[in-house]
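Read through the structure below, which is laid out as structure tokens, and then see the notes.
Residue numbers start from 1 in every chain, and the chains themselves are labelled A, B, ... in the order their sequence lines are given, proteins ahead of strands. The figures that follow rest on heavy atoms only: side chains count, while hydrogens, waters and symmetry mates do not.
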Number of protein chains: 2
Amino acid sequence: MKKKTTIYDIAKEVGLTAATVSRALNNNPKISEKTRKLVQETAQKMNYEQNTLAKALKSGKSYNVGVIVPRMDSNFFASVIRGIEEELYPKGYHVIVCQTHDQENLETGNINSLLNAQVDGILMSISNAKSKSNVFHNIAQKKVPLIFFDRKKEIPGVSSVTIDDFNGAYQATKHLIEQGCKRIAHLSNNRSLEIFKNRYLGYKQAIIDHGLEFDEDLVIETFSKVSEGRKTVKKLLKMKNPPDAIFSSSDFSALGAIQEIKDQGLSIPEDISVVGFSNEPFTKFMELSITSVDQSPIEMGRIAAKVFLKEVDSKTLNKESEKIVLQPELIIRDSSLKVKSEASA
Amino acid sequence: MKKKTTIYDIAKEVGLTAATVSRALNNNPKISEKTRKLVQETAQKMNYEQNTLAKALKSGKSYNVGVIVPRMDSNFFASVIRGIEEELYPKGYHVIVCQTHDQENLETGNINSLLNAQVDGILMSISNAKSKSNVFHNIAQKKVPLIFFDRKKEIPGVSSVTIDDFNGAYQATKHLIEQGCKRIAHLSNNRSLEIFKNRYLGYKQAIIDHGLEFDEDLVIETFSKVSEGRKTVKKLLKMKNPPDAIFSSSDFSALGAIQEIKDQGLSIPEDISVVGFSNEPFTKFMELSITSVDQSPIEMGRIAAKVFLKEVDSKTLNKESEKIVLQPELIIRDSSLKVKSEASA
DNA sequence: TTGTAGGCGTTATCAT
DNA sequence: ATGATAACGCCTACAA
């Protein structure tokens, strides 16, 4: 095992002290230009590399931040993570990504391991609003900045970056109404999570504002999976008075809905129009492209990272938490465009 | 900033020495049952948590491993990562995931930052075979185990876990031939990467073995993107003697191919059959499901992790690198099944 | 401008 | 079985 060079080795080499070497390496102002150069060149020659661990131990900072997401194989979360990376890498931080797979025990476990690994902050999208909030107290106690993105939870002093889900849902529903749909079903999801509650509320408000009848039976809780979308639509189509449109809180269940509708011999968007949520890439690539709501995930990630940077630097405990809300954008495509006056996306 | 409790605090509390506390906490055999209990209970009471950084500094191990992939928003890589996590978390390791987006400079940068962060190992799928191999020498020098998965490079002493791409391609092509296809095109990709070279070779061998004519013009290098698949097919269909089947080295370009074929008014699989590679979830969900080659990514991840664990523990420098090759599985679906004798998947 | 010395939290090696 | 001490590599008062 070839030993790594340390500042002591350099010190010996140039006939100085480790302290001086340290200062020279860190561009400390009170060091002579001559020694600075000498030290830096020698360091280079000896292949010196700073021991991050030692520095972390000393400074109390690990320069690691943890990112917790339900899953990372969705374009949405992968893109948020990319945004975070873009912002944090240049500042010397590393990003440790953990997945919860929507399981509460994994969520708790991940948080604890991250804290234990001494991350300097945690950026997360929560899986379950009911998760024991004492885990979050743990985070707060350690003065580790916590930032929620997308799926948040209302905790005093914790910042968040989300999109205006209410408005996204409102726009989507309004669009369907403008296309002439009268009975719009909603594939909702676990409404203990704010995002799904707000999508539901936006949908409801649009229905009411446009003088349509709001029918609670048309709202069905559906997991964000293709198979679940199918299942729900099967139920909906059995109603005496089936819907003529579906606004889904997820692209995945929207896809399942589309498959089931087609299988039953109905056509889209003529018989039933469909709108999803998240603008996953496949919505664009389908033979029948799917109308969806874009959430600008990369920007969401970048902003969340910026909030973290701000909080981690402020020694002052001005726990003025920020609540940033981005505006979503409705992308209209085949699955909902009956009036083909304009080209579809 | 509430100070964290250290073993010194515990020592003071119970009137012992830090060393003893450390031993008690680590279940060192030569410690009295009584003190062990006392210490452990006191530790609990004082909310003691081991400082991983200090331990890492002392032991020289960080209990972090780096995983580098071209991208993490593909089901394939996300699943490999999940497999790695499943194997490594129980052993106390953390997984730091980095993306290269197929850019060489990012790849090099990621490797260096990971090394700098003192990861105990690197598991990666390379982006570019031409990447300066001195980066890999860096890794070797530091005695950090390096394990390739899926996209590897032949480096002495480096283990790898891959699938038998040759055979996967061979089976896929053979299947197309059995369906009656005579002129099979191949959407290849950067063949400086072994996986793509082997898929090409398997394809070629199947053609030859079954007495068909091998036509180099039917092999076109195509990036793994939907838009690129479209572009390539456009070219292919302009030939005087266009193909009656397409074997793509990627599901994404296969999807683009399908879109273009349909747009030109041809039908699948009757006019042109299509087979992809990777068994991405969307291949199953399309209205016209896509035949593809499954690579058992989760298992690949688990095995790669196991190889790492073995290497990291073996102080002995028995650099007998392992080359593990998994067998792929052809999943036959609508896009290539002309003879509808059996139910499709 | 540079050196000295101590500490970050742990563990390992000697003693006792 | 337990204590004392040093060491991992770095940084930073404080001194000179």
Side-chain angles (χ1 to χ4, degrees), chain A residues 1-40 42-43 46-64 92 115-118 120 142-143 315, chain B residues 1-40 42-43 46-64 92 115-118 120 142-143 315:
Chain A
M1 186 72 128
K2 203 191 293 175
K3 302 276 293 178
K4 287 190 60 165
T5 28
T6 73
I7 50 175
Y8 281 89
D9 302 326
I10 302 179
K12 204 176 297 173
E13 185 71 17
V14 299
L16 282 172
T17 281
T20 312
V21 172
S22 170
R23 283 187 275 251
L25 256 20
N26 290 310
N27 287 315
N28 185 309
K30 35 186 158 184
I31 212 88
S32 81
E33 197 48 47
K34 209 173 74 184
T35 45
R36 185 200 317 289
K37 239 188 171 165
L38 175 63
V39 167
Q40 294 192 341
T42 318
M46 301 178 72
N47 289 318
Y48 169 75
E49 279 174 1
Q50 196 187 45
N51 183 326
T52 338
L53 257 30
K55 182 175 178 181
L57 176 60
K58 178 70 185 173
S59 69
K61 282 193 68 173
S62 67
Y63 276 95
N64 276 146
L115 287 176
N116 199 43
Q118 326 231 185
D120 296 339
K142 305 213 176 180
K143 309 283 186 206
K315 306 292 176 193
Chain B
M1 186 71 127
K2 204 190 290 178
K3 303 275 292 177
K4 287 189 61 167
T5 32
T6 74
I7 49 175
Y8 277 91
D9 301 328
I10 301 179
K12 204 176 296 172
E13 185 72 17
V14 299
L16 284 172
T17 227
T20 312
V21 172
S22 171
R23 284 188 276 251
L25 256 20
N26 290 310
N27 287 315
N28 185 308
K30 38 185 160 185
I31 212 89
S32 81
E33 198 48 48
K34 209 173 77 183
T35 45
R36 185 199 318 289
K37 236 186 172 168
L38 175 62
V39 167
Q40 295 192 341
T42 317
M46 300 177 72
N47 289 316
Y48 169 75
E49 278 172 5
Q50 196 188 45
N51 183 328
T52 338
L53 256 30
K55 181 175 179 179
L57 175 60
K58 180 72 184 168
S59 70
K61 283 192 65 172
S62 68
Y63 277 95
N64 275 145
L115 288 176
N116 199 41
Q118 325 231 183
D120 296 339
K142 306 214 175 181
K143 309 282 186 206
K315 307 291 175 193

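- In this structure, B:Ile31 atom CD1 and C:dA12 atom P are separated by 13 Å, rounded to whole Å.
- In this model, the phosphate group of D:dC8 is not approached by any side-chain N or O of A:Thr6 to a distance below 4.0 Å at OP1 or OP2.
- Atom CG of B:Asn51 is separated from atom C1' of C:dG7 by 13 Å (rounded to the nearest Å).
- Counting heavy atoms from C-beta outward, A:Asp9 and A:Thr6 have side chains that approach closer than 4.5 Å.
- For D:dT2, the OP1/OP2 oxygens have a side-chain nitrogen or oxygen of B:Ser32 closer than 4.0 Å.
- A distance of 12.0 Å separates CD1 in B:Ile7 from CE in B:Met46, rounded to the nearest 0.5 Å.
- Contact of the A:Thr35 side chain with the A:Leu16 side chain is registered, since non-hydrogen atoms from C-beta on lie closer than 4.5 Å.
- Considering only heavy atoms from C-beta on, A:Tyr48 comes within 4.5 Å of A:Leu25 through its side chain.
- Atom CD in A:Glu49 sits roughly 18 Å away from atom P in D:dC8 (whole-Å rounding).
- The shortest side-chain heavy-atom distance between A:Gln40 and A:Lys37 does not fall under the 4.5 Å cut-off.
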| How does protein contact run along nucleotides 11-16 of chain D, one letter per nucleotide 5' to 3', with B for base contact, S for sugar-phosphate only, - for none, heavy atoms under 4.0 Å? | BBB---

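- In terms of phosphate contacts, B:Thr17 brings a side-chain nitrogen or oxygen within less than 4.0 Å of OP1 or OP2 of D:dA4.
- The distance from atom OH of B:Tyr63 to atom P of C:dT11 is 11 Å, rounded to the nearest whole Å.
- Note on the helix from C:dT1-D:dA16 to C:dT16-D:dA1: angle between the axes of the first and last five pairs equals 40°, rounded to 10 degrees.
- Note on A:Glu33: nothing from the nucleic acid sits closer than 4.0 angstrom, heavy atoms only.
- Contact annotation: the side chain of B:Thr42 never approaches that of B:Val21 to less than 4.5 Å [non-hydrogen atoms, C-beta and beyond].
- Contact check for B:Lys58 versus B:Leu53: no side-chain heavy atoms found under the 4.5 Å cut-off.
- Look at CG on B:Leu57: it is 12 Å from C1' on C:dG7, rounded to the nearest Å.
- In this structure, the side chains of B:Thr20 and B:Ile31 come closer than 4.5 Å at one or more pairs of heavy atoms.
- Within the 4.0 angstrom heavy-atom criterion, no nucleotide atom of any strand lies near B:Leu53.
- Between the NZ atom of A:Lys61 and the C1' atom of D:dG9 there is a distance of 19 Å, rounded to whole Å.
- One atom, CG of B:Asn28, and another, P of D:dA1, lie 9 Å apart when rounded to the nearest Å.
- For the pair A:Thr52 and A:Tyr63, the minimum side-chain heavy-atom distance is 4.5 Å or more.
- For the pair B:Lys12 NZ and D:dG3 C1', the interatomic distance rounds to 17 Å; values are reported in whole Å.
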